[in-house]
Amino acid sequence: MVGSCRTCQNCSNDLENYCSKTVATYSGTDYDGTTTYGGYSNEMVANEHFVVKFPASMPLDSGAPLLCAGITVYSPLKYYGLNKPGTELGVVGLGGLGHLAVKFAKAFGVKVTVISASPGKEEDAVRRLGADSFLISSDADHMQAAMASMDGIVDTVSAVHPIMPLVGLLKSHGKLVMVGAPDRPLELPVFPLIVGRKLIGGSGIGGMKETQEMIDFAAENNIAADIEVIPMDYVNTAMDRLQKGDVRYRFVIDVGNTLSKA
């Protein structure tokens with residue numbers, strides 16, 4: 001985001017991301033009526049309140065996705081109390097959001113289980129990213145064995161998927177936090193929430209103060225996104241690959257180098 005009203009209750013509590021007048025970094029409408037283009041701009045001017053300072057040790061390319069995907073998982077881990085050492089956490093989906101959720105959770109000292117429909121991602125999850133275990137969501141026996149074992153789950157999947165099995169993985173008083181955005185409503189199982197006093201919540205990015213905190217924490221703990229840097233003229237191909245899930249785990253456009261060749 002590059003703007004908010006700065007006067008409402010959310011803004012006053014450093015939660016500009018929940019302001020009803022937030023201006024998105026791109027494809028938003030600024031207060032002067034112009035459209036924001038974010039990283040697709042030739043040049044950009046922003047109010048200093050909405051600028052994040054990168055520590056010297058944070059690479060610009062692999063650090064850039066933290067401003068969206070990073071804060072999207074960092075904020076709910078803290079808000080819902082899932083950042084305490086020893087917490088049993090499930091991360092659903094190992095993509096742009098999920099791989100960062102694993103990295104931040106491990107830096108907090110959390111025990112992480114990656115839950116995925118793709119068995120081929122187990123090596124990445126456990127051996128490279130450091131997850132403690134891997135659960136194949138389509139394996140009924142493994143899911144049954146993991147019932148009532150997790151304090152919380154961060155669900156990063158944007159495709160329509162059943163959440164009843166995920167609720168079953170939660171201990172009593174457990175929390176399922178949705179950060180993915182399916183394009184159709186999901187079926188909500190109410191009775192298991194009642195008998196287990198379980199919660200389903202959501203979270204969207206974070207305020208500017210927390211975003212700066214996240215960047216500083218990431219730099220201190222050597223956390224950055226796994227990226228593939230691409231030139232501007234590769235964008236359409238990259239979009240096609242995104243539709244197929246063919247990226248690990250974020251594309252970053254080399255805008256500076258592309259423009260210097262023009």
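Between Leu129 and Leu94 the shortest side-chain heavy-atom distance falls below 4.5 Å. With contacts defined as side-chain heavy-atom distances shorter than 4.5 Å, the pair Tyr249/Asp124 qualifies. Two residues are said to be in side-chain contact when any heavy atoms from C-beta on lie closer than 4.5 Å; Lys106 and Val112 meet this criterion. Taking the side chain as every heavy atom from C-beta outward, Asp30 and Thr35 never approach each other to under 4.5 Å. Using a 4.5 Å cut-off on side-chain heavy atoms (C-beta onward), Asn17 and Ile71 make no contact. Side chains of Met239 and Phe251 form no contact here, defined as non-hydrogen atoms less than 4.5 Å apart.
One finds a salt bridge joining Asp226 and Arg128 here, because a Lys/Arg side-chain nitrogen approaches an Asp/Glu carboxylate oxygen to under 4.0 Å. Salt bridge status for Lys175 with Asp151: absent, with no side-chain N to carboxylate O gap under 4.0 Å. Using a 4.0 Å cut-off between charged nitrogen and carboxylate oxygen, Lys78 and Glu213 count as a salt-bridge pair.
No single ILVMFWY cluster, assembled from side-chain heavy atoms under 4.5 Å apart, contains both Val2 and Ile215.
Ser4 and Thr22 form no side-chain donor-acceptor contact under 3.5 Å, judged by distance and modelled atom types alone.
Enclosure of atom OH in Tyr79 is not indicated, since only 12 or fewer non-hydrogen atoms of other residues, nucleotides or ligands lie within 6.0 angstrom.
Using a 4.5 Å cut-off between side-chain heavy atoms of Ile, Leu, Val, Met, Phe, Trp and Tyr, Leu186 falls into a hydrophobic cluster with Val92, Ile115, Leu135, Met143, Met150, Ile153, Val157, Val160, Ile163, Leu166, Val167, Leu169, Leu170, Leu176, Met178, Leu188, Val190, Leu193, Ile194, Ile200.
The aromatic rings of Tyr74 and Phe108 lie tilted to each other, with the angle between the two planes from 30° to 60°.
Residues meeting the side chain to side chain contact (heavy atoms under 4.5 Å, CB included) test with Ser57, sequence neighbours left out: Pro55, Ala219.
Here the rule is side chain to side chain donor-acceptor pair (under 3.5 Å) with Glu16, and of Lys209, His49, Lys21 only His49 fits it.
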